[in-house]
Amino acid sequence: MKVIVTENKIQGGARAFEIFEKEIRNGAKVLGLATGSTPETLYQSFVASDLNCENLISINLDEYVGLKPDNPQSYHYFMQKHLFDKKPFKKSYIPDGMTKDVAATCKAYDQIIKEHPIDLQLLGIGRNGHIAFNEPGTPFDIGTHEVKLTENTIKANSRFFDNEDEVPKSAICMGSANIMQAKKIILMAFGEKKAKAIKEMIEGPVTEDVPASILQKHPDVTVILDTAAAQELDDKYKN
Ligand code: GLP
């Protein structure tokens with residue numbers, strides 16, 4: 001894994017955007033996109049740029065089950081607000097959290113990913129090392145699936161909701177198998193609360209207890225951190 005340490009999330013977002021822009025110029029057509037507070041500065045860089053996204057396809061990692069697209073806490077809403085309203089894509093896929101048939105929706109999402117192989121996948125990371133909503137203990141070899149969120153994740157995400165009870169209890173999300181098929185991956189993490197997960201992801205063993213550790217087995221991963229998220233990392237891993 002290549003590790004880039006920047007001073008703060010603004011610089012981290014700008015650095016990630018440089019990579020996206022270069023890959024798009026070099027022919028990348030399918031972007032795997034993520035939500036959460038981490039990618040916000042990257043999306044700000046997209047919006048501030050003159051990059052045209054109208055020929056690109058985006059495929060998002062996950063969506064809460066039970067939230068309508070116009071619910072301000074849904075990932076549909078997040079993507080519209082932070083990116084798609086200002087930079088429309090040719091086609092944007094996000095799992096349908098309102099589906100009546102979750103299994104069929106997951107299967108169809110795997111098919112979408114198969115038909116549009118992801119050139120560049122963006123990831124954040126949870127404090128417990130989860131990627132998308134692949135929580136500790138999730139098998140590495142599964143595709144899109146429904147996941148029951150852990151207490152930790154519900155607590156961490158409750159800051160976006162009025163109270164913890166409003167946080168949905170499950171989500172539809174790409175599996176590690178989908179993520180690992182992307183040609184190139186950028187993982188971003190900012191803030192000291194991510195420092196332990198980053199250390200375990202990079203320095204620890206590859207284990208389903210730390211879902212992000214699977215990335216050690218991918219040939220092209222760039223990790224973009226701020227100094228706080230990098231603080232526990234051994235210097236030898238920092239480029
Ligand atoms: C959620 C999302 C993840 C995201 C994580 C961290 O669980 N499903 O994709 O990486 O939160 O969020 P944040 O970037 O807000 O710290």
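Numbering of ligands and ligand atoms starts at 1, following listing order.
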Item to check | Residues N157 and Y64: side-chain donor-acceptor under 3.5 angstrom | outcome: yes
Item to check | SB check K22 E18 (cutoff 4.0 Å) | outcome: no
Provide, line by line, the atom pairs where ligand 1 and the protein bring an N/O atom each to a distance under 3.5 Å; else say none.
from, atom 1, to, atom 2, distance (Å)
ligand 1, 7 (O), H130, NE2, 2.8
ligand 1, 8 (N), D62, OD2, 2.8
ligand 1, 8 (N), A132, O, 3.1
ligand 1, 10 (O), I125, N, 3.3
ligand 1, 14 (O), S37, N, 3.3
ligand 1, 14 (O), T38, N, 3.0
ligand 1, 14 (O), T38, OG1, 2.4
ligand 1, 15 (O), S37, N, 2.8
ligand 1, 15 (O), S37, OG, 2.7
ligand 1, 15 (O), R159, NH2, 2.8
ligand 1, 16 (O), K194, NZ, 2.6

Checklist entry - So, K155 and E151, do they make that salt bridge, N to O below 4.0 Å? => result no
Checklist outcome for this item: Residue pairs passing the side-chain hydrogen bond (donor to acceptor under 3.5 Å, both in side chains) test with at least one member in residues 215-230, sequence neighbours excluded, are K184-D220
Checklist entry - CD of Q111: more than 12 outside heavy atoms within 6.0 angstrom? => result yes
Item to check | Main-chain N/O of T41 paired with S45 side-chain donor or acceptor, under 3.5 Å | outcome: yes
